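Read the numbers this way: they start at 1 and go in the same order the structure lists the ligands and their atoms. Worth saying up front: this structure is predicted, and the values here are computed from it rather than measured.
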Amino acid sequence: MTVSSQASAPILDFDQVGIHLGGREILSPTSVKVGRGEFVCIIGPSGCGKTTLLRAAAGFVQPSGGQVVRNGQVVRGPSREAAFVFQDYGRALLPWRTVAGNVSLALEAAAVPPAERPARIAKVLATVGLAQHGEKFPLQLSGGMQQRAQIARCLAQEPALMMMDEPFGALDAMTREALQDEVARLVRDSGLTVLFVTHDLDEAIYLGDRVIALRSNPTPDKPSVAAIVDVAIPHPRSQLETKEHPDYLRLRRDLYHFLGHH
Ligand SMILES: Nc1ncnc2c1ncn2[C@@H]1O[C@H](COP(=O)(O)OP(=O)(O)OP(=O)(O)O)[C@@H](O)[C@H]1O
C-alpha cells in the first residue's frame with residue numbers, strides 16, 4: 001500500500017467484491033483500497049476480468065457479493081464522479097459533433113449553464129493540447145488526438161476518479177508514449193485518482209503507483225488477484241530513466257511471473 005492510500009480515507013474501497021457473469025465466477029472476492037490521487041494499473045490476461053473490475057468501480061456492473069464503496073458511499077449505479085475512457089475513441093466520440101461539441105456533452109449532462117460552457121471547454125482542450133482543434137470533427141483528427149478529445153470530455157465532467165480501459169491500446173508506439181506522459185502530468189497536476197487497465201507491463205509500471213495483477217479462472221487456492229505491487233519509482237518519471245531504474249526490471253520480472261509466465 002502506498003503512502004497516499006494510508007494517509008486518508010480511500011476514495012475507492014473494493015470490499016470482498018466478487019462478480020459472476022453468465023453463470024461463471026469472473027472475479028473471486030477481491031479487496032483493494034485505492035487512495036486519493038493514486039494511479040493504480042490493472043494487468044492480466046485477456047478475459048480475466050480487468051474491464052469488469054473497472055465497470056464495477058464505475059457502477060455499470062453490480063457485484064454478486066461484497067460492495068464497492070466510493071467516497072464513503074456504496075456504489076449502486078453510474079455517477080458523474082467517475083468518468084470512463086474507452087479504448088475505442090472512434091465509437092466514444094460522436095462523429096457529427098465537433099471536438100468542442102463532444103466535450104460539451106459532459107457539460108450538458110451536468111446542466112452547466114450554456115454561458116459557462118465555452119470557457120470550460122477551452123480550458124480542458126488546452127489541458128490535453130487540443131486548444132487549436134475544437135472546431136474540427138473527430139474524423140479530421142489522428143487517433144491520438146481523438147483519444148485526447150475523449151479524455152478532455154471526461155475531464156470536463158470534473159470527476160474524482162477516472163477509469164481508463166486500455167486507452168492507448170490502439171495507438172502507435174510514439175503516440176502512446178506521448179499520451180502516457182501527458183496523462184501522468186495531468187493526473188499529477190489535477191490530483192485525480194486513476195484506475196488504468198492495460199495489457200502492457202511496461203505501461204503499467206511506468207504509470208502506476210501500484211499494479212494489480214489479475215489471473216483468469218480463479219479458484220479458492222488461486223484467487224483473481226495474483227499480486228499487488230508498489231512502484232516506488234519517484235515522479236515525475238521519464239520514459240528512458242524509468243526503464244533504467246533498478247526497481248523497474250525487478251518489478252517487470254516479478255509481474256511477469258505473477259501472470260503465470262515462466
Ligand atoms: N455481460 C456479460 N455476460 C457474460 N459474460 C461476460 C459479460 N461481460 C463479460 N463477460 C465475460 O467475463 C470475462 C471477463 O471479461 P472482461 O472484459 O472483464 O475481461 P478483460 O480482462 O477486460 O479482457 P480483455 O483484456 O480481453 O479486454 C470474459 O470471459 C467475458 O467473456
Side-chain angles (χ1 to χ4, degrees), residues 12-32 34 38-68 70 75-79 82-93 143 146-147 150-151 154 161-173 175-176 179-180 183 193-208 210-229 252 254-261:
L12 196 61
D13 185 355
F14 294 94
D15 177 13
Q16 289 293 310
V17 172
I19 298 177
H20 287 68
L21 291 171
R24 201 159 64 83
E25 184 180 49
I26 305 297
L27 199 73
S28 66
T30 293
S31 293
V32 181
V34 178
E38 231 193 321
F39 200 124
V40 176
C41 293
I42 303 165
I43 57 168
S46 193
C48 69
K50 302 182 294 295
T51 297
T52 302
L53 192 64
L54 281 199
R55 289 167 62 84
F60 299 156
V61 163
Q62 281 302 310
S64 323
Q67 57 185 10
V68 182
R70 198 174 59 219
V75 173
R76 304 203 189 279
S79 145
F84 211 103
V85 177
F86 301 92
Q87 174 176 353
D88 193 350
Y89 42 80
R91 280 167 54 178
L93 297 170
Q146 289 182 58
Q147 191 55 294
Q150 192 192 173
I151 293 169
C154 284
L161 254 177
M162 195 153 73
M163 325 293 171
M164 305 186 82
D165 194 358
E166 294 198 54
F168 310 143
L171 303 174
D172 65 87
T175 306
R176 187 180 181 123
L179 274 175
Q180 287 169 351
V183 163
T193 306
V194 179
L195 281 189
F196 188 106
V197 164
T198 176
H199 270 109
D200 180 345
L201 274 182
D202 296 292
E203 182 167 75
I205 301 169
Y206 183 56
L207 290 173
R210 277 191 297 167
V211 180
I212 301 176
L214 296 183
R215 57 162 76 89
S216 308
N217 305 315
T219 64
D221 284 355
K222 294 193 161 185
S224 289
V225 175
I228 302 181
V229 302
R252 203 179 185 290
D254 289 352
L255 285 166
Y256 194 74
H257 287 299
F258 286 135
L259 291 173
H261 301 289

Walk me through whether Q67 and F14 qualify under side chain to side chain contact (heavy atoms under 4.5 Å, CB included). CA-CA 6 Å; Q67 57 185 10; F14 294 94; over 6 Å; no
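Summary of contacts: the protein heavy atom closest to atom 25 (O) of ligand 1 is K50 NZ, 2.7 Å. The nearest protein atom to atom 26 (O) of ligand 1, hydrogens excluded, is given as S46 OG, 2.6 Å; this is a heavy-atom distance. Annotation: atom 14 (C) of ligand 1 to nearest protein heavy atom, G47 O, 3.3 Å. The nearest protein atom to atom 31 (O) of ligand 1, hydrogens excluded, is given as R24 NH2, 4.6 Å; this is a heavy-atom distance. The protein heavy-atom contact nearest to atom 16 (P) of ligand 1 is T52 OG1, 3.6 Å.
Of all atoms in ligand 1, numbered sequentially from 1 with element shown, those under 4.0 Å from a heavy atom of H199 are 25 (O).
Residue I42 holds its CD1 atom at 10.5 Å from CZ of R210, rounded to the nearest 0.5 Å.
Heavy-atom distances between C48 and ligand 1 reach below 4.0 Å in at least one pair. Contact analysis puts P45 in contact with ligand 1, with a non-hydrogen atom separation below 4.0 angstrom.
One side chain, E203 or T198, offers a donor N or O that lies under 3.5 Å from an acceptor on the other. Side-chain N/O atoms of S31 and Q16 include a donor and acceptor closer than 3.5 Å.
Between Q147 and L179, some side-chain heavy-atom pair lies under the 4.5 Å cut-off.
Of the options V197, L21, L54, I43, the smallest heavy-atom separation from atom 3 (N) of ligand 1 is shown by L21.
With a heavy-atom cut-off of 4.0 Å, T51 touches ligand 1 through backbone and side chain alike. The residue R55 has no part lying near ligand 1, judged by heavy-atom distances below 4.0 Å.
In summary, K50 and D165 do not engage in a salt bridge, as defined by a charged side-chain N under 4.0 Å from a carboxylate O.
Considering backbone and side-chain atoms together, I26 places no N or O closer than 3.5 Å to any N or O of ligand 1.
You'll find the ring centres of Y89 and F168 outside the 6.0 Å limit. The six-membered or imidazole ring of F258 lies away from that of Y256, with a centre-to-centre distance of 6.0 Å or more.
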